[in-house]
There are 2 protein chains.
Amino acid sequence: MNQTAGTTRIQRRNTAAITEAALEVFSANGFRGATVDQIAKAAGLSKPNLLYYFPSKEAIHQHLLATLMDTWLDPLREMDPEGDPLEEILAYIRRKLEASRDFPRESRLFANEIVQGAPHILPTLEGELKDLVDEKAKVLSRWMEEGRIQRVHPYHLIFSIWSLTQHYADFDVQVRAVLGSGDTDPFPEAEDYVITLFTRMLALKP
Amino acid sequence: MNQTAGTTRIQRRNTAAITEAALEVFSANGFRGATVDQIAKAAGLSKPNLLYYFPSKEAIHQHLLATLMDTWLDPLREMDPEGDPLEEILAYIRRKLEASRDFPRESRLFANEIVQGAPHILPTLEGELKDLVDEKAKVLSRWMEEGRIQRVHPYHLIFSIWSLTQHYADFDVQVRAVLGSGDTDPFPEAEDYVITLFTRMLALKP
DNA sequence: GTCGCATTTGACCAAACGGTCAAAGTCACG
DNA sequence: CGTGACTTTGACCGTTTGGTCAAATGCGAC
């Protein structure tokens with residue numbers, strides 16, 4: 001019934017269970033691949049009961065994407081224009097890598113959405129996301145002009161951070177298949193590697 | 001009826017039309033999101049006629065993945081153990097970037113498959129793909145031991161090449177949304193950036 | 001031209017799907 | 001403990017989907 005966080009105890013519990021279950025199912029199967037029954041079962045509810053809290057499958061998906069967008073952008077928002085350039089960039093990378101490790105389902109949900117042409121969130125990409133990136137790209141450009149990091153294309157710098165960090169969440173299966181040994185955690189190695197990569201690219205060599 | 005390339009003229013024409021149409025539809029909508037009717041229509045056939053050539057939707061998908069896997073691995077196969085290390089690696093990166101530009105649908109098809117846990121091609125990843133990467137990682141390691149490029153984790157080096165190059169195919173919508181101006185081709189800039197990135201990481205600084 | 005085989009099609013089916021609805025059950029609160 | 005609002009459910013509906021089938025059509029070799 002109520003799209004936002006419920007006001008009663010039961011509403012809160014059930015909307016939470018639904019969003020959790022929907023995240024699980026959508027991220028593993030994509031929007032079309034997920035069924036309302038599947039989500040309802042995972043949430044411990046009957047299908048009509050689930051549809052009592054959200055008007056449609058589409059609405060659950062939209063709600064998830066909208067909620068997650070902030071989680072997704074926050075690490076970049078935290079990059080401080082007044083901090084030390086290289087430190088700020090490396091800290092941003094570490095935050096993104098943490099996000100990939102701790103919220104892989106969220107990452108895969110976005111990946112699914114974008115790979116298929118972002119049918120549900122294109123406006124957000126062209127609005128909120130673009131605005132934030134424009135702002136931070138200016139900061140990066142300034143740091144480069146001030147000679148505090150090496151000069152590279154600021155937008156592609158951000159793209160490369162996204163692609164490298166999210167790869168370990170989105171393509172997790174492939175990474176583990178290639179590394180063998182499904183038990184070993186690839187993230188510590190990944191962090192070393194990625195930090196080295198960006199340090200060598202951006203640090204000044206006098 | 002016949003999964004492999006048909007033997008008659010009509011068989012060849014129709015199987016080709018089906019695989020082309022299926023690539024288009026599967027890459028844009030994912031496996032579950034694609035419908036047989038959609039593929040049939042895109043191929044200019046009726047649904048029963050399409051199912052005369054392939055026994056099921058699943059079979060078309062499998063056939064596509066199997067065919068594309070080679071296209072996907074060839075750029076890495078071409079990396080020559082006897083060539084100049086940095087040149088070979090940069091040439092590999094250029095080939096992968098070309099592949100992302102020229103075959104974005106193939107890239108998205110794989111991305112869809114892997115993000116959702118690689119349900120259809122996990123064995124191939126653990127077999128053929130892992131074997132090839134193991135072999136090439138040894139070459140990279142040798143180059144590093146010989147002091148001809150800088151020392152980094154060879155597997156993550158390969159992962160980073162994959163993630164950076166495929167990002168421009170798989171997340172094309174996002175890249176264009178952030179850059180604005182849907183008309184400009186981001187690939188020339190991307191190539192400059194990525195080549196710079198890996199050169200600075202790998203080249204020796206005496 | 002005609003015969004055998006390949007190809008194509010309209011009609012059809014069962015299952016799965018997203019969603020509705022009226023009725024039943026449950027909770028909070030005076 | 002009763003009442004009104006909130007919650008839950010089984011039965012149901014129309015549509016979409018993957019796939020089947022028998023019949024019709026087209027094609028090429030003789």
Side-chain angles (χ1 to χ4, degrees), chain A residues 1-26 28-65 112-113 116 119-120, chain B residues 1-65 109 112-113 116 119-120:
Chain A
M1 166 166 276
N2 198 346
Q3 248 106 326
T4 69
T7 172
T8 79
R9 179 176 48 94
I10 295 177
Q11 274 174 32
R12 270 191 300 276
R13 173 170 50 85
N14 284 349
T15 53
I18 291 170
T19 51
E20 161 66 23
L23 175 59
E24 185 72 27
V25 175
F26 279 135
N29 303 97
F31 179 73
R32 293 266 330 240
T35 74
V36 177
D37 270 312
Q38 233 179 328
I39 299 172
K41 192 176 175 184
L45 300 174
S46 67
K47 183 169 64 169
N49 198 9
L50 181 147
L51 290 168
Y52 169 72
Y53 291 99
F54 287 87
S56 70
K57 177 185 173 182
E58 181 95 19
I60 309 174
H61 193 243
Q62 293 270 12
H63 175 73
L64 269 185
L65 286 176
N112 263 306
E113 172 71 8
Q116 297 187 9
H120 302 94
Chain B
M1 164 168 277
N2 199 346
Q3 250 106 326
T4 68
T7 173
T8 78
R9 180 175 47 93
I10 296 178
Q11 273 173 33
R12 271 191 299 277
R13 173 170 49 84
N14 284 347
T15 53
I18 291 169
T19 52
E20 161 66 23
L23 175 59
E24 185 72 26
V25 175
F26 278 136
S27 69
N29 303 98
F31 179 74
R32 293 268 328 242
T35 74
V36 177
D37 271 311
Q38 233 179 328
I39 299 172
K41 192 176 176 185
L45 301 174
S46 66
K47 183 169 64 168
N49 198 9
L50 181 148
L51 290 168
Y52 169 74
Y53 291 98
F54 287 87
S56 70
K57 177 184 172 183
E58 181 94 20
I60 309 175
H61 193 243
Q62 293 271 11
H63 175 74
L64 269 185
L65 285 177
L109 185 74
N112 263 306
E113 171 71 8
Q116 297 186 10
H120 302 95

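Below, read A as the first sequence line, B as the second, and so on, with proteins coming before strands; counting in each chain starts at 1.
Comparing B:Ile10 and A:Gly44 against DNA chain D, the residue whose closest nucleotide sits nearer the 5' end is A:Gly44.
The separation between A:Arg13 atom CZ and D:dT8 atom C1' is 11 Å, rounded to whole Å. Across the protein-nucleic acid pair, A:Arg32 atom CZ and C:dC17 atom C1' stand 10 Å apart, rounded to whole Å. Computed from coordinates, the B:Ile18 CD1 to C:dT7 C1' distance equals 12 Å when rounded to whole Å. Going from atom CG of B:Asn29 over to atom P of D:dT17 covers 11 Å, rounded to whole Å. The nearest whole Å value for the distance from the CG atom in A:Leu45 to the P atom in C:dG25 is 19 Å.
Distance check: B:Lys57 NZ to B:Leu50 CG gives 11.5 Å after rounding to the nearest 0.5 Å.
For the pair B:Tyr52 and C:dT9, the criterion of a side-chain N or O lying under 4.0 Å from OP1 or OP2 is not met. Listed pair A:Gln11 / D:dT7 meets the phosphate criterion, a side-chain N or O lying under 4.0 Å from OP1 or OP2. Proximity of A:Asn14 to the phosphate of D:dT8: a side-chain N or O atom is located under 4.0 Å from OP1 or OP2. At the phosphate of D:dT9, OP1 or OP2 sits under 4.0 Å from a side-chain N or O atom of A:Asn49. Of the side-chain N and O atoms in B:Ser46, one or more sit less than 4.0 angstrom from OP1 or OP2 of C:dT9. One finds no side-chain N or O of A:Arg9 lying less than 4.0 angstrom from the OP1 or OP2 phosphate oxygen of C:dC27.
Residues from residues 33-41 of chain B that place a heavy atom under 4.0 Å from any atom of DNA chain D, listed by number: B:Ala34, B:Thr35, B:Val36.
Looking only at side-chain heavy atoms (C-beta outward), B:Phe26 and B:Ile60 come within less than 4.5 Å of each other. Between B:His61 and B:Leu109, the closest side-chain pair of non-hydrogen atoms falls below 4.5 Å.
Here the side chain of A:Lys57 is nearest to one of D:dT8, D:dG19, C:dG19, namely C:dG19. For B:Tyr53, the side-chain atoms get nearest to C:dT8 when compared with the rest of C:dC21, C:dG19, C:dT8. Checking C:dG19, C:dA28, C:dT8 against the side-chain heavy atoms of A:Lys47 singles out C:dG19 as nearest.
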Original post:
Could you walk me through whether A:Phe31 and B:Arg32 pass the side-chain contact (heavy atoms from CB on, under 4.5 Å) check?
Top reply: CA-CA 9 Å; A:Phe31 179 73; B:Arg32 293 268 328 242; over 6 Å; no
Subject >> A:Val36/A:Phe54 under side-chain contact (heavy atoms from CB on, under 4.5 Å): CA gap, chis, key distance, verdict >> reply: CA-CA 11 Å; A:Val36 177; A:Phe54 287 87; over 6 Å; no
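Between the side chains of B:Asn112 and A:Gln116, at least one donor N or O sits under 3.5 Å from an acceptor N or O. A donor-acceptor contact closer than 3.5 angstrom is absent between the side chains of B:Gln62 and B:His120.
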